[in-house]
Amino acid sequence: MRVSQFPLSTLRETPADAEVISHQLMLRSGMIRRTASGLYTWMPLGVRVLRKVEAIVREEMNRAGAIELLMPAIQPAELWQESGRWVQYGPELLRLKDRHGRDFCVGPTHEEIITDLMRKELSSYKQLPVNYYQIQTKFRDEVRPRFGVMRSREFIMKDAYSFHLTPESLVETYQGMYDAYVRIFQRLGLNFRPVAADNGSIGGTGSHEFHVLAESGEDDIAFSDSSDYAANIEMAEAVAPRANLAAPTEIMREVHTPNTKTIQALVDTFKLPVEKTVKTLIVAASDQVEADFVALLVRGDHELNEIKAEKQPEVEAPLRFATEEEIRAIMGAGPGSLGPVNAPIPVIIDRSVAVMSDFGAGANKEDYHYFGINWNRDLPMPRVADLRKVKVGDPSPDGKGQLGIVCGIEVGHVFQLGKKYSDAMNATVLDENGKAQTMYMGCYGIGITRVVAAAIEQNNDEFGIRWPKAMAPFQLVVAPVNMKKSQAVADAAEYLYKQLRDAGYDVLLDDRDMRLGAMFADHELIGIPHRLVVSERGLQAGELEYKARSGGDAEKVAPDDVLEFLRAHV
RNA sequence: CGGGGUAUAGCGCAGUCUGGUAGCGCGCCUGUUUUGGGUACAGGAUGUCGGGAGUUCGAAUCUCUCUACCCCGACCA
């Protein structure tokens, strides 16, 4: 491709309303233009990247045995009413009427359509399992679209749906999709993690999110520094400390602690190590217990994980913290003076608290703490549970290495749906006994457009985008110096361009009459991984100049050796 | 949906308080110049000042209203 025939609409200045780096760079490099809130036009440069991602996804889906089809973007309300989601989905579902007044929606996902299709197409277990996918534009009417195509309303998604007679078959396909996803993101050249995810209300046996790791990610991921373990921070288990409960060495005593309402104050004023302090949090109780409230204890330097707290049978879901008035009424003291000793309500303690000895906590008496508290001596050991958020440096739950925490951008999701939709929509096949069996389903999504943004989020520098090679809109660029003035340079550049194209490279010839610096700035902004400079000076010395976008010094290459050189570098 | 903000040339912004000829930088066009990191000089084009209504001799500027967009929050299989 010649730049003179390709719209390279780069921007020198950063548009004011772009917040995150990928959004800024996509606008500046001319990959996308905003059409309306959450709606973007993909410019030719951006489309080239999209197509490269799609091609890899398609290849790997095909390799994994999935079959491509294409379903309508506009879907009839009847199917959504049948699954129950017409009511359930809320305003994110864009609804519309046709000229006859019939209800439709713009598909945010395609479970209904595929389930309807499959119940008509499939009649026998012998036809199973099947796995169909499509790459298609979807629409979710986000409350607040932001970050460019990272959280847009219209987006391109690869979605796949599998159907099975048995859960075992579902698990097998699920694993196949999981493996395919790993290959896809590896081939794309992204730093990613499969992350154990919550199944939410659907239940079922398994769900993994695939996250691209980047500083601007919206989700916090806990990962092991020496194994594959990764989980959403809400899900990550804080493993029980290995240490046993140490024997008491102090007696329990009541201490007057005025103006000591925070852990920090306790540590500063009374020189108590923070590991010897506990936080006492009062939350509303469920009907499982007689009391109205429950006290949750975590170590002073730990934070409560609200999801874990909510899962305790004694705790009301959704989690609700007691107000200060409620706390005073029930505990007889305000926040900052609370503790487990003589607590009038049930107490649940975190695993780390269970191994603490000689520790300090509020006395449930205003401005007093107990120091030197010991379980089993001063009070019975309460119920122990995993209550806290994991933190950096915690041991990994799989026993290998330590946890780090990074931000992730969710770009893929594999999900064992089970029978949620097939039940609701009566999608059955006959088994070998001639009995109708509801099929098990799985669904597997990849946000194609989001992958593009996530890749930039992860791969950029002060000059612009640094595409992984599989995603770059062009593999290499030929930059002639003064092509319009020097016939020798023009000839050499044209020859090189032809030579590279014939060799199968996706190459861009920058035939604009521009200063070299400006050209370079463009090439770096749009992130072309490899650059070859043709100059009068170089030609006289019998050399071209090669430089990689990823860094390193420029190298001289003889024109005759260029193909061989590129085979080794590109 | 709640709170805050913005809207002036393709992009980034000033001008609005205190009403009086529509501005700057970058980009764009023409020419000369320069040619290994956004060259310099000269000339030029481009605006319903987001829309509507009002006040006024006169509105980008004051008032009312509508719209769009951005940020924070809530929401999010």
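Numbered from 1 within each chain, the chains take letters A, B, ... in sequence-line order.
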Legend entry - B:G20 to B:G43 separation - P atoms, rounded to the nearest Å: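 One P to the other, the span is 29 Å.
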Legend entry - N/O (side chain, A:Arg515) to phosphate O (OP1/OP2, B:U39) under 4.0 Å: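 Answer is yes, contact under 4.0 Å.
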Legend entry - Separation of the C1' atoms in B:G3 and B:C13, to the nearest angstrom: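 So the two C1' atoms sit 27 Å from each other.
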Legend entry - Between B:C28 (C1') and A:Glu13 (CD): distance, integer Å: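 So the two atoms are 14 Å apart, to the nearest Å.
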Legend entry - Given B:C26, B:C69, B:C75, the nucleotide with the shortest approach to the side chain of A:Arg12: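 Closest nucleotide among those given: B:C26.
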Inset, instruction - Look at the side-chain N and O atoms of A:Thr14 and state whether any lies under 4.0 Å from the OP1 or OP2 oxygen of B:G12. - result: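 For B:G12, OP1/OP2 do not have a side-chain N/O of A:Thr14 under 4.0 Å.
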Legend entry - Length of the CZ-P vector between A:Arg85 and B:C76, whole Å: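 Going from CZ in A:Arg85 over to P in B:C76 covers 15 Å.
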Legend entry - Same-atom distance (P) from B:C24 to B:A42, integer angstrom: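 Between the two P atoms, the distance is 14 Å.
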Legend entry - Euclidean distance, atom CZ of residue A:Phe520 to atom C1' of B:U35 [Å, nearest integer]: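 Spelled out: CZ on A:Phe520 to C1' on B:U35 is 12 Å.
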Legend entry - A:Arg146 CZ - B:A74 C1' separation (whole Å):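 In whole Å, B:A74 C1' and A:Arg146 CZ are 10 Å from each other.
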Legend entry - Rounded distance in Å - CD (A:Gln88) to C1' (B:C76):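 After rounding, the reported distance stands at 14 Å.
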Inset, instruction - Identify which one of A:Met439, A:Gln437, A:His164 satisfies the side chain to side chain contact (heavy atoms under 4.5 Å, CB included) criterion when paired with A:Leu128. - result: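 The passing option is A:Met439.
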Legend entry - Spacing of the P atoms in B:G73 and B:G52 (rounded, Å):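 Each nucleotide's P atom is 36 Å from the other's.
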Inset, instruction - Would you verify whether the NZ or CZ of A:Arg531 falls within 45 degrees of the ring axis of A:Phe520 while also being under 6.0 Å from that six-membered ring's centre? - result: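 Yes - A:Arg531 lies over the ring of A:Phe520, closer than 6.0 Å to its centre and within 45° of its axis.
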Legend entry - For atom CG of A:Leu39 and atom P of B:C70, their distance in whole Å: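 It is 10 Å, rounded to the nearest whole Å.
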Inset, instruction - Give the rounded distance in Å between these two atoms: CD of A:Glu545 and P of B:U35. - result: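 Going from CD in A:Glu545 over to P in B:U35 covers 18 Å.
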Inset, instruction - Take the protein atom CD of A:Glu19 and the nucleotide atom C1' of B:C70, then report the distance between them rounded to whole Å. - result: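 Going from CD in A:Glu19 over to C1' in B:C70 covers 8 Å.
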Legend entry - Same-atom distance (P) from B:U30 to B:U56, integer angstrom: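 Nearest-Å result for B:U30 against B:U56 at atom P: 50 Å.
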Inset, instruction - Mind checking A:Arg151 for me? I need base, sugar-phosphate or nothing, with any heavy atom below 4.0 Å counting as a touch. - result: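 If one applies the 4.0 Å heavy-atom cut-off, A:Arg151 turns out to touch a base.
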Inset, instruction - Tell me what A:Glu142 touches on the nucleic acid: a base, only sugar-phosphate, or nothing, going by heavy atoms under 4.0 Å. - result: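 The residue A:Glu142 makes no contact with any strand.
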Inset, instruction - Using a heavy-atom cut-off of under 4.0 Å over every strand shown, decide if A:Asn482 touches base, sugar-phosphate, or nothing. - result: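 Base: the residue A:Asn482, judged by heavy atoms under 4.0 Å, touches a nucleobase.
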Inset, instruction - Kindly give the heavy-atom pair with the smallest separation between A:Asp506 and A:Arg48, and that separation in Å. - result: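 Answer, listing the atom of A:Asp506 first, then A:Arg48: OD1-NH2, 2.6 Å.
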Inset, instruction - Considering non-hydrogen atoms only, spot the tightest contact between A:His110 and A:Met71 and give its length. - result: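 The pair with the smallest heavy-atom distance is CD2-CB, 3.6 Å.
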Inset, instruction - Looking at every strand, decide which applies to A:Leu11 at a 4.0 Å heavy-atom threshold: base, sugar-phosphate, or nothing. - result: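 Nothing, no nucleic acid heavy atom in range.
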Inset, instruction - Using the C1' atom as the reference point in each nucleotide, state the distance between B:G50 and B:G38 in Å, no decimals. - result: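 Those two atoms are separated by 33 Å.
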Inset, instruction - Describe the nucleic acid contact of A:Glu524 in one word from base, sugar-phosphate, nothing, applying a heavy-atom distance below 4.0 Å. - result: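 Result for A:Glu524 = base.
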Legend entry - Donor-acceptor pair (no angle test) under 3.5 Å: A:Arg531 side chain, B:G37 base: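 Indeed there is one.
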Legend entry - Spacing of the C1' atoms in B:C75 and B:A59 (rounded, Å):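 Going atom to atom, C1' in each nucleotide, I get 42 Å.
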Legend entry - Sugar-phosphate, base or nothing in reach of A:Arg153, heavy atoms under 4.0 Å: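 No contact at all - A:Arg153 keeps every heavy atom at 4.0 Å or more from the nucleic acid.
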Inset, instruction - Keeping the roles fixed (side chain from A:Glu457, backbone from A:Ser22), state whether a donor-acceptor pair exists under 3.5 Å. - result: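 Looks like yes, one N/O pair under 3.5 Å.
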Inset, instruction - Under 4.0 Å between any heavy atoms, over every strand shown, what does A:Ser535 touch: base, sugar-phosphate, or nothing? Just pick one. - result: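 Since a base atom lies under 4.0 Å of A:Ser535, the category is base.
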Inset, instruction - Would you mind pulling out the nucleotide paired to B:A45, Watson-Crick or G-U wobble, both distances under 3.5 Å? - result: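 Result: none.
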Inset, instruction - Would you classify A:Ala16 as touching base, sugar-phosphate or nothing, given that sugar-phosphate means primed atoms plus P, OP1 and OP2, and contacts are heavy atoms under 4.0 Å? - result: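 A:Ala16: backbone/sugar contact only, no base atoms under 4.0 Å.
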Inset, instruction - Would you mind classifying the nucleic acid contact of A:Glu536 as base, sugar-phosphate or nothing, using non-hydrogen atoms under 4.0 angstrom? - result: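 Nothing, no heavy atom under 4.0 Å.
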